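Below: the structure, in structure tokens.
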Amino acid sequence: MNKIIIEPFKIKSVEPISINTKIERQKIIKNAHYNLFSINSRDVIIDLLTDSGTGAMSSEQWAGIMRGDESYAGSNSFERFNKAVKNIFGFEYVIPTHQGRAAEKILFEVICKEGDIIPSNAHFDTTRANIEFQQAIAKDLIPDRFKDTQLDDPFKGNMDIEKLKNLIDEHLDKIPIIMMTITNNTGGGQPVSMANIRDVSDIAKEHNIPLYIDACRFAENAYFIKQRENGYSEQSIEDIVKEMFSYADGCTMSAKKDGISNIGGFLCTNDEELSNRKKDLLILTEGFPTYGGLAGRDLDAIAIGLREAMDVDYLNYRINSTSYLGKKIHDYGVPILMPPGGHAIYIDAGLFLPHIPKEEFPGQALACTLYVEGGIRSSEIGSLMFGDNSPHELVRLAIPRRTYTQSHIDYVIEIIKEVYNQKESIKGLKIIKQPKFLRHFSAKLTTIK
Ligand SMILES: Cc1ncc(COP(=O)(O)O)c(C=O)c1O
């Protein structure tokens with residue numbers, strides 16, 4: 001492959017970025033009480049807060065938006081959506097939802113009860129919250145050695161098979177389903193190997209437990225399998241995706257990721273009886289089963305986006321441009337979660353700012369400094385988000401799909417290097433006001449002098 005990764009698209013429509021000054025940003029962050037969620041997007045130069053719903057749609061997707069059929073029942077858009085999802089993932093029943101967490105809410109309300117245990121390689125936070133809302137337990141089964149941010153492994157998203165076997169031996173009657181998140185978002189956008197999916201599926205079948213995949217980043221995971229796993233380099237992304245999902249009984253999906261859409265999701269299953277119960281709930285909370293909380297035009301955008309996400313030229317650019325950012329800052333000495341993930345780079349702020357104790361939120365201090373120095377918005381994943389139990393102090397730089405060019409990423413690299421050069425001058429933060437739940441969204445902080 002060529003050394004320079006070019007964006008495999010031309011730009012047809014642009015959205016201006018307003019470039020503010022460091023002095024302006026110092027005022028903005030102070031007024032926002034050092035919380036990046038409180039900053040208006042017009043005050044952000046490069047927005048790496050999330051890769052969810054922030055991707056740029058293609059001209060084909062915009063054409064699909066115009067074709068959208070807004071009929072309440074039996075819409076043509078649903079037919080196109082249903083056909084695309086069935087074709088790609090191979091499940092019998094497809095239920096549209098307004099985003100990923102709505103699919104999770106319906107799944108867990110139907111499938112789990114108080115005291116149940118749902119194992120996963122690593123649950124995403126909305127998945128965990130929806131399981132806990134049913135008074136059930138969400139259990140992460142990542143191998144202990146993967147908790148070391150500096151350990152390099154090609155499939156650092158894999159589930160620990162021994163831990164799964166032990167959990168089943170102890171609690172078989174309490175496990176209604178097994179989940180697998182591909183790629184593992186909370187663990188750094190790390191992929192799961194085909195061998196691991198197959199092993200988990202064998203165990204699930206042996207014990208008659210359905211296996212569901214959280215499919216948000218299915219195409220990125222398939223690309224990693226093609227690049228890194230023996231026997232897959234000659235296979236198409238489409239065939240790898242088919243094989244991954246052939247081992248599962250259903251999936252949940254947020255189309256805001258590898259659907260490259262601004263909104264949407266779905267829930268799939270092969271079980272007719274279960275799908276009818278899910279549809280009953282869908283009608284109650286989301287809408288009729290041929291639109292499920294979405295406009296017809298959204299269904300068309302998703303149907304097209306799912307295919308575009310599997311294009312190998314797009315995936316080459318996507319995965320390599322994310323790792324380009326990771327490698328450049330890692331080579332400079334910046335500690336990042338290794339290896340670089342598919343959709344994001346995670347800076348280890350605990351190692352970056354060893355002089356700031358976790359009680360003074362090194363991740364948030366670093367995220368605020370990146371904003372002040374370069375107008376870059378990132379998110380803290382550490383003690384501010386998870387409290388005292390947080391195992392790491394990370395800053396996530398999530399890369400929106402097809403949104404930024406290499407020069408934007410080079411700018412991000414330059415700012416991170418500048419911040420690294422002056423790291424000793426960065427000070428910690430303290431909370432002055434916080435809500436009871438999910439404090440990172442709205443907590444107010446101030447600097448420690
Ligand atoms: C792995 C994973 N699962 C589920 C979700 C939830 O999807 P949504 O934000 O569409 O509700 C996300 C969103 O970030 C995710 O990353």
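Just so it is clear, the structure is predicted and the values come from calculations on it, not from any experiment. Order of appearance sets the numbers: ligands from 1, and atoms from 1 within every ligand.
- Between Glu7 atom CD and Thr403 atom OG1 the span is 11.0 Å, to the nearest 0.5 Å.
- Ligand 1 lies under 4.0 Å from heavy atoms of Gln99, Gly100, Arg101, Glu104, Phe124, Thr126, Thr181, Asn185, Asp214, Cys216, Arg217, Ser254, Lys256, Lys257.
- Salt bridge annotation for Lys147-Asp144: present, with a cationic side-chain nitrogen under 4.0 angstrom from a carboxylate oxygen.
- Residues Lys113 and Asp116 are paired through a salt bridge, judged by an N-O separation under 4.0 Å between the basic side chain and the carboxylate.
- Taking the centre of each ring, Tyr72 and Phe288 come in below the 6.0 Å mark.
- Between Lys328 and Asp410 no salt bridge is recorded (no basic side-chain N to carboxylate O distance below 4.0 Å).
- In this structure, OH on Tyr371 lies 4.5 Å from CD1 on Ile39, to the nearest 0.5 angstrom.
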